[in-house]
Enquirer: 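Pasting a structure here, questions to come.
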Amino acid sequence: MDPLSWTGQIAFLTPLLTLVFGLLGLSVLSWIVLNAVLPENRAINSAGGSLSLSSGPRDIASLAVKLCFLAATLLIFSYLVLGLILGTQAGIIGAMARQFLPVWIALVLLFTLSIAFKRRLGLYGKLFDSPIGMIGFALVMFWVFTGVFGAFDMIVTHDDPLAQISGLKNKVPGTPLRSPGEGDFQWYLLGGDNLARDVFSRTVKGAWEVVKIAPLATLFAFMVGITLGLPAGYFGGRLDTLLSFLANLILAFPVILLFYLLVTPEIVQTGLPQYMAIVLFSFPLIFFAVLINSRFRTQPSKNYLWLAIVLLPLLMLYLLVVNDPGSKVDFLTKTIDIIDIPGGILVVFVSVVFVNSPTVFRIVRGLAMDIKTRDYVAAAQTRGERPWYIMLWEVLPNARGPLIVDFCLRIGYTTILLGTLGFFGLGLPPESPDWGSTINEGRKLLMIYLHPALPPAIALLSMVLGLNLLADGLREESLKD
Amino acid sequence: MGLFILSRSGVMLLTALCLTFIVFTLTNLAPNLEKLAKTQGNFRMSDEAVASWLDNNGYAQPTVVKYGQWLGVLPGWTRSTDEGMTGRCMTGVVSASEAANAARFCGILQGDWGHSTVLQKDVASVVSERLGNTMRLMGWVLLLMIPSALIIGVLAGMREGSVTDRSLSTVSILTTATPEYVSGVVFIAIFTSSTVGLKWFKGSATAATDNPTFENFFLPVLTIALYGLGYIARMTRASMTEVMTAQYIRTARLKGVSFPKIVLKHALRNALIAPFTVIMLQLPWLLNGVVIVETLFNYKGFGWILVQAAGNNDIELLLAISVVSVFVVLVTQLISDIGYVYLNPRIRIS
């Protein structure tokens with residue numbers, strides 16, 4: 001087998017792309033310069049009495065930018081489509097485009113459905129009115145789908161992210177396998193790392209590590225932050241002083257020092273992360289119990305029904321997750337304990353939740369302090385509603401806008417934190433394909449071999465960028481109404 | 001104002017005590033001490049040998065007592081053996097008369113920071129030397145980051161929704177989405193690697209501790225500065241747009257004051273109050289970046305010893321590091337609070 005080049009048969013597009021990108025850069029530059037130098041367009045009163053803006057060099061420049069951008073998008077799109085059709089004949093790009101086929105299908109389906117029904121989908125639908133939000137959402141969903149499909153071995157070229165194939169150590173992208181077995185993929189699309197593992201497959205597998213930890217950890221941090229922040233902001237007083245002091249205490253810790261203190265094997269031996277898990281994971285239980293109880297307090301039969309429906313599965317899950325055979329917290333027998341979280345992940349999860357929750361606490365506290373002065377809260381108080389009802393059913397729904405935006409930003413931040421943990425080799429096992437660990441391994445030979453470190457770095461960058469853009473789009477759209 | 005500073009300092013002291021106590025407890029947990037005994041003694045020690053080593057070196061006392069001794073409010077432990085006296089405040093085994101002359105208290109309050117087991121040096125000298133290196137790094141970072149962030153923020157916030165605003169906002173979003181270990185790796189790949197060919201900078205800043213040059217020092221500085229830049233720029237932009245919609249700016253425009261003059265004379269001062277707080281609160285976050293970048297570029301500063309100390313459970317070095325970093329965090333918080341009160345005329349006068 002011959003080594004793959006980057007573009008293969010579609011190489012004729014490359015000079016075109018370079019040209020278009022050059023033009024795009026030039027036009028953006030001239031657009032910015034013209035906008036800064038020339039005065040604003042004057043308003044013209046036309047004969048009919050309608051007001052319009054005079055056109056000038058500024059408009060030509062902005063048109064040029066739009067055209068160049070459109071051309072660049074079209075070109076990139078044609079790379080993908082041609083790559084999909086030609087497969088490995090279109091080089092590495094074509095092969096990758098074809099590997100990602102399930103992701104493209106899922107993305108196209110998601111976007112057509114969402115845009116078709118966007119008027120009925122509330123805030124989520126409004127996201128599709130903002131181009132920034134759409135780009136962000138596309139980036140995020142690309143990695144989410146990649147992670148999920150990758151977990152089912154759909155996108156990866158070599159199923160086992162730990163498999164080492166001899167002769168492919170540090171080989172450049174597109175290197176063919178020496179003696180591929182029957183049905184094996186013939187190349188290492190993005191080359192091999194310093195242990196002769198496939199960089200492409202590991203990057204795809206790494207997406208799953210992020211997708212399965214980051215959103216859930218952020219959700220837990222929000223549960224903790226909301227359950228503690230609402231009463232702190234609503235009641236104020238001593239409770240607020242105490243909780244704020246504790247939150248500031250955690251925030252004053254340098255994050256990396258905290259990680260080093262929590263995640264080292266010696267500390268894990270003492271069972272400290274598990275005790276923290278017991279405390280932190282109980283917050284969702286408390287949250288839902290209070291949420292339901294405060295609503296249906298006056299209708300006991302309905303109350304007990306709902307409490308049972310929600311709390312029993314959660315409690316089961318809680319016990320199963322917290323319990324870990326062979327460690328300090330081991331109270332269930334082996335037959336019952338069906339969920340076993342692999343070593344390291346629980347520790348990483350707990351420390352990320354622990355680091356994030358004080359910030360969420362501060363945000364929720366601030367929002368609660370602001371909202372409790374509103375008239376509808378006063379009305380609820382006059383009606384004689386209990387404090388927890390007001391907090392969870394009056395204050396919290398009205399704080400959702402900023403909280404949703406912060407949730408997106410915080411997933412991005414959690415992704416960065418997970419990468420930091422991997423970068424310092426903390427928590428996750430050393431051979432784990434997560435992006436941080438892969439970057440850490442790749443950086444050691446970075447001066448000579450670029451390809452092992454760059455794909456995970458770019459993946460992490462694009463995912464966090466997508467989350468930030470998504471948050472920006474959501475903020476813009478939620479401010480409109 | 002005096003009372004405010006006093007109460008804030010009180011809370012600060014309490015926070016510092018709590019934090020150092022937490023670090024102390026975590027570093028002094030049984031498995032950590034066992035590892036320490038084995039690295040200091042030998043790796044094949046039996047459990048009894050470990051216990052006796054810990055006992056002989058004063059680690060077997062209750063954590064609170066040990067913390068008090070480390071702090072310098074409780075007298076250091078002493079133990080008489082067959083050869084003489086040993087103790088916290090004595091080096092090695094000394095005779096009884098020397099032991100009587102030794103100081104009773106030796107904690108950080110007396111200026112005794114202890115001994116680093118990894119670097120085999122006095123903690124105080126290690127920390128002060130490395131802190132100097134990091135200060136130099138941080139100084140350049142701030143020098144690069146703050147002016148550029150403020151300029152970007154002010155330019156973007158000057159005309160909300162304009163072309164400049166949108167392009168600069170995109171740049172700042174991009175930088176906040178790039179953690180140091182990603183931008184550092186990308187920079188090393190582009191600017192230093194021998195395969196791509198742009199050999200403009202050096203990929204390692206080891207030499208920069210003695211001889212910082214543009215070639216070996218610029219990339220680490222840029223990497224840290226970029227991550228913080230976007231956030232400060234966005235905050236400055238938000239504050240600038242808010243000020244630009246204020247009544248007095250409209251009045252100035254209606255009076256016919258030129259736009260540059262409005263921005264420089266009327267808007268800028270009020271727009272810079274909020275970023276000041278943000279910058280001060282951002283400083284502790286830079287500490288994170290410093291740890292990553294110093295590891296990535298192998299620059300032997302404060303972050304580098306943090307990784308060394310934490311990775312090898314060097315208790316006393318780790319404690320000194322946490323004291324310093326907690327101090328930095330709390331002092332910047334204090335300064336930002338005081339500065340906010342001082343800069344904002346509405347609060348200052350009332």
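None of these values were measured; they are calculated from a predicted model. Throughout, protein chains are lettered first and strands after them, A, B, ... in sequence-line order, and every chain is numbered starting at 1.
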Enquirer: So what's closer than 4.5 Å to chain B heavy atoms on A:L426: side chain, backbone, both or neither?
Expert: neither
Enquirer: Given a strict heavy-atom distance threshold of 4.5 Å, which part of B:L29 is in contact with chain A: side chain, backbone, both, or neither?
Expert: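 The side chain, not the backbone.
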Enquirer: With chain A, which of B:L318, B:T27, B:L296 has the greatest number of heavy-atom pairs at distances under 4.5 Å?
Expert: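 Of B:L318, B:T27, B:L296, B:L296 has the most heavy-atom pairs under 4.5 Å with chain A.
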Enquirer: Which atoms of B:T176 are under 4.5 Å from chain A, going by heavy atoms: the side chain, the backbone, both sets, or neither?
Expert: both
Enquirer: Check each atom of B:R166 against the heavy atoms of chain A and say whether the ones under 4.5 Å are side chain, backbone, both or neither.
Expert: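 No part of B:R166 comes within 4.5 Å of chain A.
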Enquirer: For B:L174, is it the side chain, the backbone, both, or neither that has a heavy atom closer than 4.5 Å to a heavy atom of chain A?
Expert: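 Both backbone and side chain of B:L174 come within 4.5 Å of chain A.
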Enquirer: Quick check on A:F259 against chain B: is it the side chain, the backbone, both or neither that has a heavy atom closer than 4.5 Å?
Expert: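 When you check distances to chain B, no heavy atom of A:F259 falls under 4.5 Å.
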Enquirer: A:S62, A:G436, A:A252: which one forms the most heavy-atom pairs within less than 4.5 Å of chain B?
Expert: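 Most heavy-atom pairs within the cutoff with chain B belong to A:A252.
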Enquirer: Taking the side chain as every heavy atom from C-beta outward, state whether A:F69 and A:L24 have any pair of such atoms under 4.5 Å apart.
Expert: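 Result yes, sub-4.5 Å side-chain heavy-atom pair found.
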Enquirer: Could you tell me which portion of B:I292 (side chain, backbone, both or neither) has an atom closer than 4.5 angstrom to a non-hydrogen atom of chain A?
Expert: both
Enquirer: Against chain A, label B:F191 side chain, backbone, both or neither, depending on which of its atoms sit under 4.5 Å from a heavy atom there.
Expert: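 Neither the backbone nor the side chain of B:F191 comes within 4.5 Å of chain A.
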Enquirer: Identify the heavy atoms of A:G136 and A:L469 that sit nearest to each other, and give their distance.
Expert: CA-CB, 3.7 Å
Enquirer: Under a 4.5 Å heavy-atom cut-off, does chain B meet the side chain of A:T420, its backbone, both or neither?
Expert: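 Both backbone and side chain.
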Enquirer: Do B:T20 and B:Y67 meet the criterion of a side-chain donor-acceptor pair at a distance under 3.5 Å?
Expert: yes
Enquirer: Under a 4.5 Å heavy-atom cutoff, which of A:V28, A:L262, A:L257, A:L249 has the most pairs with chain B?
Expert: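 Looking at each option in turn, the highest pair count goes to A:L249.
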Enquirer: Which residue, A:D240, A:N248, A:T241, forms the side-chain hydrogen bond (donor to acceptor under 3.5 Å, both in side chains) with A:S244?
Expert: A:D240
Enquirer: Please state whether the side chain, the backbone, both or neither of B:S322 comes within less than 4.5 Å of a heavy atom of chain A.
Expert: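 Both backbone and side chain.
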Enquirer: Checking heavy atoms, do the side chain of A:N440, its backbone, both or neither come under 4.5 Å from chain B?
Expert: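 For A:N440, there is no contact with chain B at all, as no heavy atom is under 4.5 Å.
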Enquirer: Using non-hydrogen atoms and a 4.5 Å limit, figure out which bit of B:V11 sits close to chain A: side chain, backbone, both or neither.
Expert: both
